[in-house]
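Take a look at the structure below.
Naming convention: chains lettered A, B, ... in sequence-line order (proteins, then strands); numbering from 1 in each chain. Just so it is clear, the structure is predicted and the values come from calculations on it, not from any experiment.
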Amino acid sequence: MKHLLLGDEAIAQGAIDAGLSGVYAYPGTPSTEITEYIQLSEKRRALSAGLEVKGKIFCQWATNEKTAMEGALGMSYMGKRALVCMKHVGMNVCADAFMNAAITGVNGGLVVVAADDPSMHSSQNEQDSRFYAKFAMIPCLEPSNQQEAYDMMHYAFDLSESLRTPILFRVTTRMAHSRAVVETIDTPREQNALSVPENTNHFILLPAFARKNYAELVEAQADFVQTSEESQYNTYTKGTQPTKAIVTTGIAYNYLMECLENGAESAYSLAFREASILKVTQYPLPKALIDQMVADGAEEILVMEEGQPVVEELLRGMVPSTVSVKGRLTGDLPRMGELTPDCVAQALVGDQMPVHGCQIPEIVVGRPPALCQGCGHRDMYAALNEVAAEHEGAKIFGDIGCYTLGALSPFHAIHACVEMGASITMAKGAADAGQFPSFAVIGDSTFTHSGMTGLLDCVNSKANVVVLISDNLTTGMTGGQDSAGTGRLEAICLGLGVEPEHVRVVVPLPKHMEEIKQVLREEVAYNGTSVVIARRECIQTLKRHLKQNKK
Amino acid sequence: MKRDIILAGVGGQGILSIATVIGDAALNEGLYLKQAEVHGMSQRGGDVQSNLRLSSAPIYSDLIPKGGADIIISLEPMEALRYLPYLKEDGWIVTSSKPFVNIPNYPDIEEVIKHVEAIPHHVLLDVETLAKEAGAPLQAANMVLLGAAIPMLGIDHDKIVEGVKRIFARKGEAIVAANLAAIEAGYNHSH
């Protein structure tokens, strides 16, 4: 069957058709649609079967990427196929579980999807997840198009089970969020049965066992390389001018082919037109194919890869020093940002490109994203800014979510924003340093993701901070997914030990402005840890719920 | 057949619905298609665009190279200008004339319109007024714009109409009829 699917949806359908038993994920652009697709498809399946909306694939959102990774690992140990999905920075959150999953190995297939965001369309950095695969010494797959994303998901689960290792499945924004026609199989593979090895010592990382496991992982590296060399997804084509060679990874292949095809019609000739081409979509790098490329006479190798110059650096250690390796490090391609057909064409031509198209007229100004009109975060910031202004040098530590936009006009409210949950602990550190007043602003979903432990730190040292949980009852930035702590935030704060009289709840609406400011003033005056929960539903999810109720 | 289209607008205006209808019609024509979308933070009232590529031959890149777009279809006039470096020399701009002002420094709208009119092939239309005149709700204004772009799409008018019917079918007959009226209003304007 043919479907028009986003890259993320192709991944999801590929996993379903490969006999998936559970998907574990925390929302994060550009990975969110994978889990959403599986949730929707389970709902439809359940409805059409006349069952309760409880599917046979586990697909509930996890509290964060670490709990997601651990849940999937447990499912894999029981012999079933599990998928973990996250954005690139989520890899940092689950790194402990991820690195050690490589040491224990797996039972049922375990595939970890990391969706990288070069150019930082919706992220705070552009770290390249392929480093994690190399760090953990496990294979990595990087499909070049939506069809491959679908096909390679099945391949990934098979590979994971045959090599007994987790597989990192790396995509980037343009693959995740671009649609194309994908041909799917008619009959999905059955799920694995529950089946646990008799001896589970492999899964116990006591030093004595871990040393043995690690030695096995080191030994398996040669197999991993050989698997890459024999993979149908890595292809080498000798050019008619093999002194020049091009190595592409993932979707960079598409930009190359775009240029080679269009170049045929254009006036300028491409220096690399007759070059050899090595298309890499599976790691570790296929050493034999690289050796062949060199044996065929490659003197100059241009590396095109989305993200950081991972392959470019590795290649330098794999080819003779007489072979020049070019790419992002040499300035032939931009050092940062995602690839485009234009920068790839520039690298192929080598000198000045003919200029296409007009310039953008000077009158065109930027249109940055902003908090929605009527959003509760707006009223929260309006009150907070006024109270903060009553104290010279007040500092507000922000966090990751829609409310990060409070850094921009008209609020200019926050002084730092780094990673999930950091607002609370940074505010604590600032207070420890003598800063007063010290505020943290964090969303409800980010609070349960990584803020709770920081709040416990505050309570334990009686840190003089005011933590504002801006609770819109959803994970808003990524489109309104369930939030793990909805309905339980007060109980969580009390359970962590915040004094009951310093857990306050307000409704962020203009008509409550005076009350909110009064509550904030009282909590600033209290020398200890306060939590003020500003609770009002996200207006985007509110609209959606009103529409659904009308039906 | 090959058409590279940039859809532009402001987050929330509905450019992806236009892409969905064209995509559906293209698939039914047996064309290859690639469509890169913007999700996440920029959807919050910022500038958004989608690269939509149609071809009778396989398509590699998800992105359109500079100077490669046949058409810029925009729900906002300044946003249409933002993608001019991508427009072919003989390419078309089909844009709503009504500014969406959610920034304090929005330029003089007359200057914006002048720049659009400086492009040899352009269609400027007030999609909201045309929608209203056609008896369609404001939400169908994006279909007026699509209607106006039909002559440049390389897909027949009737095929687009079929696409609208399929895409909006589950929302009921009234919604289908409103969107079809909007398509016709736009089509008659530019045809």
Side-chain angles (χ1 to χ4, degrees), chain A residues 2 4 6-7 28-30 32-33 117 121-123 144-146 173-181 251 253-262 338-342 344-345 354-361 363-373 402 404-405 409-410 477-479, chain B residues 10-12 19-20 23-24 26-27 31-48 50-52 57-69 76 78-79 81-89 91 100 102-108 111-112 114-115 118-119:
Chain A
K2 284 186 174 181
L4 183 59
L6 283 178
T29 312
T32 314
E33 294 82 358
D117 189 20
H121 295 282
S122 208
S123 305
S144 77
N145 59 42
Q146 290 79 356
T173 304
R174 291 301 168 188
M175 162 63 84
H177 286 167
S178 182
R179 281 176 210 281
V181 174
I251 64 169
Y253 180 74
N254 302 333
Y255 300 134
L256 172 65
M257 295 311 286
E258 175 83 19
C259 291
L260 292 183
E261 287 209 333
N262 284 347
E338 63 181 348
L339 296 176
T340 63
D342 303 302
V344 165
V355 181
H356 292 293
C358 329
Q359 298 297 306
I360 303 174
I363 59 162
V364 175
V365 293
R367 196 190 300 261
L371 290 169
C372 305
Q373 293 303 321
C402 288
T404 314
L405 295 169
S409 183
M477 177 96 274
T478 45
Chain B
V10 180
T20 305
D24 182 85
L27 278 188
L31 294 172
Y32 290 91
L33 179 152
K34 279 215 164 188
Q35 186 204 333
E37 302 173 359
V38 174
H39 295 212
M41 185 173 259
S42 22
Q43 283 178 304
R44 301 277 170 268
D47 57 276
V48 291
S50 173
N51 280 207
L52 178 60
I59 305 163
Y60 285 105
S61 170
D62 297 278
L63 297 177
I64 298 168
K66 283 186 179 161
E76 209 284 341
M78 181 180 79
E79 294 308 324
L81 298 176
R82 196 183 299 284
Y83 305 100
L84 278 185
Y86 290 89
L87 190 64
K88 273 184 187 165
E89 268 175 42
F100 187 101
N102 64 344
I103 44 172
N105 57 336
Y106 193 94
D108 180 1
E111 284 297 308
V112 172
K114 266 187 210 163
H115 274 96
I119 304 299

Counting only non-hydrogen atoms closer than 4.5 Å, does Leu256(A) touch chain B with its backbone (N, CA, C, O), its side chain (CB onward), both, or neither?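 Neither part; nothing is under 4.5 Å.
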What part of Gln146(A) gets within 4.5 angstrom of chain B, counting heavy atoms only: side chain, backbone, both, or neither?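 Contact with chain B involves the side chain of Gln146(A) alone.
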Looking at chain A, which one of Ile119(B), Asp108(B), Val112(B), Leu33(B) has the largest number of heavy-atom pairs inside 4.5 Å, strictly under?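 Result: the option with the highest number of such pairs is Leu33(B).
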Winner by heavy-atom pair count (cut-off under 4.5 Å) against chain A, out of Ala19(B), Ser50(B), Pro107(B), Ala118(B):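 Winner by heavy-atom pair count: Pro107(B).
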Is it the side chain or the backbone of Asp24(B) that comes within 4.5 Å of chain A heavy atoms, both, or neither?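 Asp24(B) has no heavy atom closer than 4.5 Å to chain A.
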For Leu81(B), which atoms come within 4.5 Å of any heavy atom of chain A: side chain, backbone, both, or neither?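 Both backbone and side chain of Leu81(B) come within 4.5 Å of chain A.
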Run Asn254(A) and Ser61(B) through side chain to side chain donor-acceptor pair (under 3.5 Å) and show every step you take. CA-CA 5 Å; Asn254(A) 302 333; Ser61(B) 170; over 6 Å; no
Should Asp342(A) and Lys66(B) count as an ion pair when the cut-off is N to O under 4.0 Å?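 No salt bridge links Asp342(A) with Lys66(B).
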Pick from Ala176(A), Ser144(A), Pro368(A), Gly7(A) with the largest number of heavy-atom pairs that fall under 4.5 Å of chain B: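 Highest number of heavy-atom pairs under 4.5 Å: Pro368(A).
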With chain B as the partner, which of Ser409(A), Gly28(A), Cys372(A), Gly366(A) has the greatest number of non-hydrogen pairs under 4.5 Å?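 If we count pairs closer than 4.5 Å to chain B, Gly366(A) comes out on top.
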So, applying side-chain contact (heavy atoms from CB on, under 4.5 Å) with Gln35(B), which one of Thr20(B), Leu52(B), Asn51(B) is it?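 Exactly one candidate clears the test, Leu52(B).
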Beyond-backbone contact of Met78(B) with Ile103(B), side-chain heavy atoms, under 4.5 angstrom: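 A side-chain contact exists here, since the closest heavy-atom pair is under 4.5 Å.
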